[in-house]
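These notes concern the structure reproduced below.
Protein chains get the first letters and strands the later ones, always in sequence-line order, with residue 1 at the start of each.
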Amino acid sequence: MHPSSSDRRTLRELLAAEIQKDPSIVGARVPEGRGSRTVDLHTPIAPPADASSLKPIRASDPEGLHMIRHSTAHVLADAVQRLFPGTKVTFGPATDAGFYYDFDSPKGAFNDEDLAKIEATMKEIVSKKRPFVREVVAREAARALFDKLGETYKCEHIERLPANVEISLYRHGSLPGAAAGHQEAEWLDLCEGPHVPDTGFIGAIKLTSVAGAYWRGDERNPMLQRVYGTSFASEKDLADHLKLLEEAKERDHRKLGKELELFMFHEYAPAMPFLLPKGAFVYNRLVSFMRELYVDYGYEEVMTPQIFDKRLFETSGHLPNYRENMYLPMTAEYLDEAKMSLSVGVHHDHHHEYKAKDAERDRAVVDHLSEMERLGLKPMNCPSHCLIFGSRRRSYRELPWRMADFGRLHRYERGGVVHGLARVRSFCQDDAHIFCSPETMFDEIRSFIRLLYEVYAAFRFERVDIKLATRPDKRIGSDEQWDLAEKALPQALDEAELAYEVAEGEGAFYGPKLEFHIHDALKRSWQLGTLQVDYALPDRFELDFIGADGAAHRPVMLHRAILGSLERFLSVLIEHVGGNFPTWLAPEQVTIVTVSEKQAAYAEELGTLMTARGLRARADLSADKLGAKIRAARLSRVPYVAVVGDKEVTNRQVAPRSRDLNKDLGPMGLDAFIELLEGESRAPRLAKRSA
RNA sequence: GCUGACGUAGCUCAACUGGUAGAGCACCUGCCUUGUAAGCAGGGGGUUAGGGGUUCAAGUCCCCUCGUCAGCUCCA
């Protein structure tokens with residue numbers, strides 16, 4: 001399989017002239033197939049016919065940063081093996097934010113002190129500017145080498161590598177002789193690259209944390225010690241990154257949720273949020289915003305039960321496929337246990353004390369438990385919606401039917417995965433299911449995408465990335481159905497001129513899906529919206545409608561959400577705006593503060609007036625001085641503070657101060673100020689569609 | 001669920017190797033009558049997450065339970 005090495009040359013040779021001019025070149029994008037591949041300077045390739053097809057990568061490019069980080073992971077492993085002899089290495093890739101390396105260390109977990117020592121050693125290695133060297137070895141030689149070094153994980157990995165893969169090693173200079181972890185002059189790792197030319201390209205290093213991680217990510221495997229870190233081409237880039245982390249910490253919705261009294265948690269209902277008045281306001285405003293849009297987009301809202309007979313979830317397939325996430329008050333196993341301990345149905349001839357009365361009582365208990373055993377809390381709305389659709393004969397004239405539901409859902413999530421409002425056990429989605437004929441599916445997808453963009457624009461999410469998740473290996477439904485569904489999704493995206501990425505095989509088992517990822521103010525990506533095409537549930541519930549031809553047809557069901565979980569959306573929104581809700585969402589829009597107690601009556605009058613006009617105003621009549629009141633209002637992130645002193649009382653004015661401009665706007669007539677607030681209170685909408 | 005760390009007043013955090021639980025903010029009361037990010041004084045507030053153990057003595061050491069955090073895995 002390997003091309004003969006004689007005609008291959010490294011990029012260092014091929015790009016020699018360019019590197020001479022620009023020493024920051026660390027590799028290139030090399031055309032391969034329809035796309036391209038990132039190659040470092042160490043790796044020989046067959047020279048392309050057209051030398052200009054090699055696009056140089058500099059240390060400052062994203063791919064260059066990736067190489068820097070991957071190289072830093074090697075330096076990390078080098079340092080760890082030097083400081084903690086006996087430590088075995090496993091994998092150490094670069095990630096979006098940095099890199100990590102997983103170790104099997106006889107010492108166990110590393111502490112902060114260890115991290116500091118490791119970091120110092122890494123810096124020492126980096127300062128030597130030692131070159132990375134790539135070497136191709138035969139499989140057996142590699143096997144023997146890592147066997148000798150006692151690197152059992154690497155040996156296992158070599159075994160798993162496909163036979164046609166070239167096995168390469170990367171070495172870089174460690175400290176002299178026996179000090180190196182591998183008892184070699186140079187630290188080496190089984191690695192396919194790419195790496196920077198020398199360790200000097202690593203401009204700044206920071207080890208951030210340690211955590212346990214399973215070998216190969218499988219919880220049945222031994223736990224390894226993962227050291228996380230990040231690195232950059234320069235100290236300035238690192239400083240910028242750390243500042244961003246600091247900012248993210250400041251905006252953490254759990255912190256702001258507490259400070260701004262938006263929500264709370266209690267150990268009596270772990271991972272189930274309590275929305276306090278202010279948080280509940282924002283939540284309800286989100287719902288009312290969606291409802292306004294639903295009017296224009298032709299949705300109808302329904303309300304459905306919380307608790308169901310489990311037969312519903314048998315029909316829908318949730319019990320077989322989703323059981324571990326469902327809240328079941330009583331399971332068959334518990335019922336059996338209860339029967340055993342109550343000894344119902346067991347003869348008690350030798351127990352005089354177990355009387356007929358006891359048996360009767362125990363049977364009553366079991367009857368009650370048996371009834372409980374039939375129940376389950378809904379984890380999704382779709383089954384109820386199928387019941388509604390199927391409740392009577394439907395005509396094609398009723399389709400498409402866009403059925404919205406803000407019903408509360410309960411899903412059991414494992415203890416380690418819950419996170420503030422972002423991952424909870426009790427939540428609500430801006431959920432809707434569109435029942436339509438296969439022929440109108442395309443139009444529905446198109447209309448949904450327009451709605452989705454209108455919603456995201458209202459929250460000023462500037463960038464949306466779309467992923468198309470296609471058929472997984474394990475699936476239901478016919479290939480024809482899948483073809484149809486997988487054709488409709490990209491067609492709608494193409495028409496809207498939206499770029500997307502394909503995620504092969506990541507669709508739901510019942511249909512392909514679109515995922516909509518937004519970028520927040522701190523450039524972090526979150527999946528919010530989703531659209532799933534489903535042929536399976538209509539089948540399982542035997543749904544049909546009478547077509548124009550008088551025959552029964554099976555509808556297609558589109559599962560769709562834009563905000564996703566309202567709780568999660570709230571967490572994203574809080575962090576996106578840093579707690580500074582825009583006026584239309586702010587639980588309190590204006591705080592009226594008095595200069596002295598003399599203006600109290602006027603302030604109260606203003607509060608009443610504005611509240612009557614539908615604004616959210618409050619008068620702060622506390623004994624604090626003006627500065628203190630303004631400070632308090634600013635800390636609570638109110639968009640406007642309306643200052644009233646004697647001058648304002650006399651002229652029926654206010655002196656507003658804007659949160660977003662952080663300045664005093666000067667005296668303003670009362671009506672003008674109310675108009676300003678009313679204008680900002682309307683949710684942002686796109687222009688109506690023409691026809 | 002697993003690995004590790006953590007849990008002290010409403011919030012943020014102190015209390016050296018076991019030796020009388022504190023501060024700032026917030027809250028309440030009073031004084032000040034105030035002009036754009038903290039006026040002054042006084043006061044109330046704790047079974048140190050819960051339970052068990054070791055000890056003359058436990059916030060501190062050990063065990064269990066619950067919860068939280070960082071990861072792993074999973075996901076809206």
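Residue A:Met668 contributes atom CE, which lies 15 Å from atom C1' of B:U36 at whole-angstrom precision. Between the P atom of B:U36 and the CG atom of A:Leu661 lies a distance of 18 Å, rounded to the nearest Å. The distance from atom CG of A:Asp664 to atom P of B:U36 is 9 Å, rounded to the nearest whole Å. Between the P atom of B:C74 and the CG atom of A:Asn321 lies a distance of 17 Å, rounded to the nearest Å. Here B:C32 presents its P atom at 16 Å from CG of A:Asp624, a figure rounded to the nearest Å. Between the CG atom of A:Leu621 and the C1' atom of B:U33 there is a distance of 14 Å, given to the nearest Å. For the pair A:Leu262 CG and B:C11 P, the interatomic distance rounds to 16 Å; values are reported in whole Å. Atom CZ of A:Arg423 is separated from atom C1' of B:C72 by 13 Å (rounded to the nearest Å).
Backbone-only engagement by A:Arg226 is indicated by non-hydrogen atom pairs under 4.0 Å involving sugar-phosphate atoms exclusively. Residue A:Glu597 is classed as a base contact, given a heavy-atom separation below 4.0 Å to a base. Within the 4.0 angstrom heavy-atom criterion, base atoms lie near A:Glu648. Base engagement by A:Glu413 is indicated by at least one non-hydrogen atom pair under 4.0 Å involving a base atom. Residue A:Ala633 is out of contact with every strand shown, counting any heavy-atom pair closer than 4.0 Å.
You'll find that the side chain of A:Lys625 is closest to B:U34, out of B:A37, B:U36, B:U34. Checked against B:G35, B:C11, B:A76, the side chain of A:Lys258 finds its nearest nucleotide in B:C11. The side chain of A:Val417 lies closest to B:U73, out of B:U36, B:A37, B:U73. Distances were taken from every side-chain heavy atom of A:Ala628 (C-beta onward) to each of B:G39, B:G71, B:G35; the shortest belongs to B:G39. Checking B:C72, B:A76, B:G35 against the side-chain heavy atoms of A:Val643 singles out B:G35 as nearest. Candidate nucleotides B:G67, B:U33, B:G35 were compared by shortest atom distance to the side chain of A:Glu267, and B:G67 ranks first.
For B:C75, the OP1/OP2 oxygens have no side-chain nitrogen or oxygen of A:Tyr412 closer than 4.0 Å. For A:Arg254 and B:C69, the shortest distance from a side-chain N or O to OP1 or OP2 is below 4.0 Å. Between A:His419 and B:C75, a side-chain N or O to OP1/OP2 separation shorter than 4.0 Å is absent. A:Arg568 has no side-chain polar atom (N or O) that falls below the 4.0 Å cut-off from OP1 or OP2 of B:C75.
Sequence neighbours left out, the pairs with a member in residues 586-605 of chain A that pass salt bridge (charged side-chain N to carboxylate O under 4.0 Å, His left out) are A:Glu588-A:Arg618, A:Lys598-A:Asp646, A:Glu605-A:Arg652.
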Structure string for RNA chain B in dot-bracket form, Watson-Crick and G-U at under 3.5 Å, | interchain: (((((((..((((.....[..)))).(((((.......))))).....(((((..]....))))))))))))....
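Under the 4.5 Å side-chain criterion, counting only non-hydrogen atoms from C-beta, A:Asp431 is not in contact with A:Phe406.
Aromatic stacking of A:Phe427 on B:A76: satisfied, with centres closer than 5.5 Å and planes within an angle under 30 degrees.
Residues A:Gly627 and A:Pro270 both approach RNA chain B. Their nearest nucleotides, taken by heavy-atom distance, put A:Gly627 toward the 5′ side. Between A:Asp646 and A:Leu528, it is A:Asp646 whose nearest contact on RNA chain B lies nearer the 5' terminus.
Distance alone, capped at 3.5 Å, places no donor-acceptor pair between the A:Arg659 side chain and the A:Val638 backbone. Of the possible donor and acceptor atoms, none in the side chain of A:Arg450 sits under 3.5 Å from a partner among the backbone N and O of A:Phe448. For the pair A:Arg568 (side chain) and A:Ala422 (backbone), a donor-acceptor distance under 3.5 Å is present.
Cation-pi geometry between A:Arg226 and A:Tyr100 is satisfied (NZ or CZ under 6.0 Å from the ring centre, within 45° of the ring normal).
Taking 4.0 Å as the cut-off between side-chain N and carboxylate O, A:Asp465 and A:Arg463 count as a salt-bridged pair.
No N or O donor and acceptor, one from the side chain of A:Arg411 and one from the base of B:C74, sit under 3.5 Å apart. Contact annotation: side chain of A:Arg414 to base of B:U73, donor-acceptor pair present below 3.5 Å.
Nucleotides B:G46 and B:U20, compared at atom C1', are 15 Å apart to the nearest Å.
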